[in-house]
Amino acid sequence: MSKGKEHHDWILRRCCGSIAACILTLAVVVGFVVLVIYLALHPSKPSFYLQDIQLRSIDLADPSISLDVQVTIASRNPNDRVGIYYKTLHAFTTYRDEPVTIPVSLPAIYQGHKDQSVWSPVMSGDSVPVAPYVADAMKQDIGAGYVLLHVKVDGRVKWKVGSWVSGGYHLFVNCPALLSATGGNAGGAFSMSAATAGGGRNGTTVSLKFTQPAYCTVDV
């Protein structure tokens with residue numbers, strides 16, 4: 001075999017080896033990208049639970065409600081390798097599917113693997129218009145010794161895997177909050193003003209307490 005042919009075969013083997021190495025490297029990179037995308041698109045959604053709610057005041061004047069509450073709501077990231085960015089979060093309170101407080105912004109945060117975060121916003125609504133039956137229904141519930149409110153959080157989240165960050169996903173959280181005259185948790189007495197038939201106001205001292213921490217439904 002001539003030296004020219006040996007040299008040609010050596011160059012051919014080098015080229016084939018380089019091509020094979022490039023293909024292997026490309027396969028590894030593609031596999032890593034696929035893994036990242038899979039983890040980013042299939043993370044476990046965060047869990048939320050309502051730790052406390054204090055109903056400070058209520059003013060019922062048909063057809064509107066004025067309400068002042070402070071809530072403590074916590075979230076936990078259940079993922080081992082996926083971080084969560086909470087973006088543009090807004091919390092508000094509803095009664096019988098009617099908003100009774102103005103949405104308030106919650107601080108945007110990053111939640112690492114298995115981390116937990118807590119927010120304690122104060123939510124108020126001054127003469128929030130509601131359907132005509134809603135204020136009457138709340139008066140009846142308070143008279144019966146309980147009120148079921150819902151604390152809701154609306155916003156967007158992003159998933160983080162390594163240095164890669166996903167696009168935004170819509171987050172909606174719904175937390176039931178049962179307040180009762182026989183509740184066991186902290187909660188103080190407040191003065192309820194309800195419009196009377198004669199157009200005046202009748203101040204009544206009411207004490208409703210948050211019964212127990214509640215798990216929330218989470219949609220992402």
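Every heavy atom of this structure was used, including side-chain atoms; hydrogens, water molecules and symmetry mates were not.
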### Residue pair S180 / K209, side-chain heavy-atom distance below 4.5 Å
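A side-chain contact under 4.5 Å is absent here.
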| said: Any heavy-atom pair between the side chains of V147 and I142 that's under 4.5 Å? | reply: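 Heavy-atom side-chain distance check passes, below 4.5 Å.
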Ignoring hydrogens, what is the shortest heavy-atom contact between [X] and [Y]? Give both atom names and the distance.
X: A135; Y: V130; value: N-CG2, 4.3 Å
X: C175; Y: I73; value: SG-CD1, 3.6 Å
X: S127; Y: S64; value: C-CB, 3.7 Å
X: V82; Y: N77; value: O-ND2, 2.8 Å
X: Q111; Y: S117; value: NE2-OG, 3.0 Å
X: C216; Y: L50; value: SG-N, 3.8 Å

Can you check whether [Y]'s main-chain N or O pairs, donor with acceptor, with [X]'s side chain at less than 3.5 Å?
X: S166; Y: W159; result: yes
X: T101; Y: T93; result: yes
X: K160; Y: G162; result: yes
X: K87; Y: K158; result: no

Contacts satisfying salt bridge (charged side-chain N to carboxylate O under 4.0 Å, His left out) that involve residues 124-134 (not counting sequence neighbours) are none
Distance from [X] atom [atom1] to [Y] atom [atom2], nearest 0.5 Å?
X: F48; Y: W119; atom1: CZ; atom2: CH2; result: 4.5 Å
X: K152; Y: N174; atom1: NZ; atom2: CG; result: 5.0 Å
X: Q51; Y: I53; atom1: CD; atom2: CD1; result: 13.0 Å
X: I58; Y: L67; atom1: CD1; atom2: CG; result: 5.0 Å
X: I84; Y: R76; atom1: CD1; atom2: CZ; result: 10.5 Å
X: T94; Y: E98; atom1: OG1; atom2: CD; result: 9.0 Å

Open item on the list: Determine whether L171 and D154 satisfy the following criterion, side-chain contact (heavy atoms from CB on, under 4.5 Å), listing intermediate values before the conclusion.
Closed with: CA-CA 6 Å; L171 171 75; D154 190 32; over 6 Å; no
Is [Y] reachable from [X] through a run of hydrophobic residues whose side-chain heavy atoms are each under 4.5 Å from the next?
X: V122; Y: L89; result: no
X: V128; Y: M123; result: no
X: V71; Y: I109; result: yes

For atom CG of D97, is the number of surrounding heavy atoms from other residues, nucleotides or ligands below 6.0 Å larger than 12? no
Q.
Please determine whether side-chain contact (heavy atoms from CB on, under 4.5 Å) holds for the pair L149 and L179, giving the CA-CA distance in whole Å, both sets of side-chain angles, and the decisive distance to 0.1 Å.
A. CA-CA 8 Å; L149 303 175; L179 297 103; 3.8 Å; yes
- Message: What verdict does the side chain to side chain donor-acceptor pair (under 3.5 Å) test give for H170 and D219, after you've listed the backbone C-alpha separation in whole Å, the side-chain angles of each residue and the deciding distance to 0.1 Å?
- Response: CA-CA 8 Å; H170 182 237; D219 293 319; over 6 Å; no
Margin query: Quick one about Q116 and S75 (side-chain donor to acceptor, distance below 3.5 Å, no hydrogens or angles considered), yes or no?
Written below: no
- Message: Which Ile, Leu, Val, Met, Phe, Trp or Tyr residues join L148 in one cluster when any pair of side-chain heavy atoms under 4.5 Å counts as a link?
- Response: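 So far as hydrophobic clustering goes, L148 is joined with Y146, L178.
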Practice problem: Indicate the ring-plane relationship of Y49 and Y215, choosing parallel, tilted or perpendicular according to the 30° and 60° boundaries. | Solution: tilted
Side-chain ion pair, D80 and K114, N-O less than 4.0 Å |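 Counted as a salt bridge, because a side-chain N and a carboxylate O are separated by less than 4.0 Å.
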Query - Pair R96 + D141, salt bridge at N-O below 4.0 Å - result: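 Judged by the 4.0 Å cut-off on N to carboxylate O distance, R96 and D141 do form a salt bridge.
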| query | D59 and I65: side-chain contact (heavy atoms from CB on, under 4.5 Å), yes or no, with the steps? | reply | CA-CA 6 Å; D59 189 357; I65 293 177; over 6 Å; no
Quiz item: Among pairs that include at least one residue of residues 92-116, which meet ring pair (Phe, Tyr, Trp, His ring centres under 6.0 Å), considering only residues two or more places apart or in two chains?
Solution: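 Pairs touching residues 92-116 that pass the test: Y85-Y110.
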